[in-house]
Amino acid sequence: MKSMKKMMEQCEIYRSGYFHAERLQEERDVQDLKNEVTVMVNRIELLQLHCRKLMGQDLGSCSVDELNEITIQIEKSLTLIRSRKAKVHEEEVGKLKAEIAGTRELVNERATLHEMFEEKPLWMQSGSLESENNALSSSAFENMNISDVETDLFIGLPRRQV
């Protein structure tokens with residue numbers, strides 16, 4: 001029994017020591033995280049200050065060297081922005097030129113097809129159709145024997161029956 005009690009006490013001591021070491025490690029981890037948060041907050045504040053300076057705010061506290069650095073950085077940024085803008089415009093112009101070229105090809109193909117089949121647009125055919133119909137009808141009447149045939153067909157508005 002004594003050995004059992006002694007073993008239980010040793011287990012308790014070992015367990016409490018293990019939990020104590022685990023707690024110490026957790027406290028160190030928490031402290032490390034707090035330090036990281038502090039560093040990140042400081043970095044964020046510096047970035048915000050730098051951003052305000054680039055936007056033209058809080059420049060009174062800047063030295064001449066800082067102002068020159070800000071000017072150089074802004075000029076580099078503008079150059080980069082302008083080059084990106086020019087690239088985007090070139091791509092858009094290229095797309096539009098390709099679209100125009102495609103449209104021209106379609107127009108040329110259509111004209112070629114019209115020439116191949118000697119088709120004229122409808123507005124050009126209206127006058128020539130009448131003359132062709134007159135020529136066809138007069139030659140057809142000359143070749144046919146015309147005889148009167150009575151039918152019940154009526155052209156016009158229907159008559160009212162009273």
Side-chain angles (χ1 to χ4, degrees), residues 1-133 136 153 155-158 160:
M1 223 11 159
K2 283 188 177 185
S3 65
M4 185 67 103
K5 271 187 172 183
K6 193 172 188 176
M7 223 163 80
M8 299 245 323
E9 286 175 5
Q10 285 177 349
C11 282
E12 189 64 35
I13 291 170
Y14 177 76
R15 195 172 68 182
S16 67
Y18 174 78
F19 287 125
H20 179 71
E22 192 175 276
R23 241 182 287 127
L24 286 176
Q25 183 61 39
E26 285 177 1
E27 287 175 8
R28 278 188 234 125
D29 290 344
V30 168
Q31 188 60 41
D32 288 344
L33 289 174
K34 286 181 180 179
N35 291 339
E36 256 185 76
V37 167
T38 304
V39 168
M40 295 301 273
V41 166
N42 289 337
R43 283 185 183 173
I44 290 171
E45 288 175 356
L46 284 173
L47 286 172
Q48 288 175 338
L49 177 65
H50 186 68
C51 187
R52 282 194 303 270
K53 287 180 181 179
L54 287 175
M55 297 298 288
Q57 301 169 353
D58 299 334
L59 293 177
S61 63
C62 293
S63 67
V64 174
D65 290 336
E66 284 178 313
L67 290 174
N68 286 336
E69 287 177 25
I70 291 171
T71 303
I72 291 169
Q73 188 173 359
I74 289 174
E75 287 174 356
K76 286 180 182 178
S77 297
L78 281 174
T79 303
L80 181 65
I81 290 169
R82 287 179 182 139
S83 68
R84 286 183 187 165
K85 182 179 174 183
K87 184 179 179 184
V88 168
H89 282 292
E90 286 176 17
E91 289 172 359
E92 287 178 8
V93 167
K95 287 178 185 177
L96 290 174
K97 284 182 179 179
E99 187 177 323
I100 289 170
T103 304
R104 283 185 183 152
E105 286 178 21
L106 288 174
V107 167
N108 291 338
E109 184 178 339
R110 184 174 181 196
T112 304
L113 289 173
H114 277 292
E115 289 174 8
M116 284 174 56
F117 295 105
E118 297 179 350
E119 267 187 38
K120 295 180 183 176
L122 287 176
W123 62 272
M124 292 178 74
Q125 291 179 0
S126 62
S128 62
L129 279 179
E130 288 175 8
S131 61
E132 285 178 22
N133 285 341
L136 286 176
L153 293 176
I155 298 175
L157 295 173
R160 290 190 178 183

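- The CE atom of Met40 sits 9.5 Å away from atom CG of Leu47, with the distance rounded to the nearest 0.5 Å.
- A search for side chain to side chain donor-acceptor pair (under 3.5 Å) contacts involving Glu27 returns nothing, not counting sequence neighbours.
- Counting only heavy atoms from C-beta outward, the side chains of Asn42 and Leu46 never approach each other to under 4.5 Å.
- Listed by chain and number, the residues in a side chain to side chain donor-acceptor pair (under 3.5 Å) with Arg28 are Gln25 (sequence neighbours excluded).
- Under the rule for a side chain to side chain contact (heavy atoms under 4.5 Å, CB included), the partners of Gln31 that lie at least two apart in sequence or sit in another chain are Lys34, Asn35.
- Applying the salt bridge (Lys or Arg N to Asp or Glu O under 4.0 Å) test to every pair with at least one member in residues 39-56, sequence neighbours left out, gives these pairs: Arg52-Asp58, Lys53-Glu66.
- Rounded to the nearest 0.5 angstrom, Leu54 CG and Glu69 CD are separated by 11.0 Å.
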Donor-acceptor pairs under 3.5 angstrom involving side-chain atoms of residues 71-81: please list them, not counting sequence neighbours.
residue	atom	partner	partner atom	Å
Thr71	OG1	Leu67	O	2.8
Gln73	OE1	His50	NE2	3.3
Ser77	OG	Gln73	O	3.0
Thr79	OG1	Glu75	O	2.9

Can you give the donor-acceptor pairs under 3.5 Å from side chains of residues 86-113 to other protein atoms, not counting sequence neighbours?
residue	atom	partner	partner atom	Å
Thr103	OG1	Glu99	O	2.9
Asn108	ND2	Arg104	O	3.3
Thr112	OG1	Asn108	O	2.8

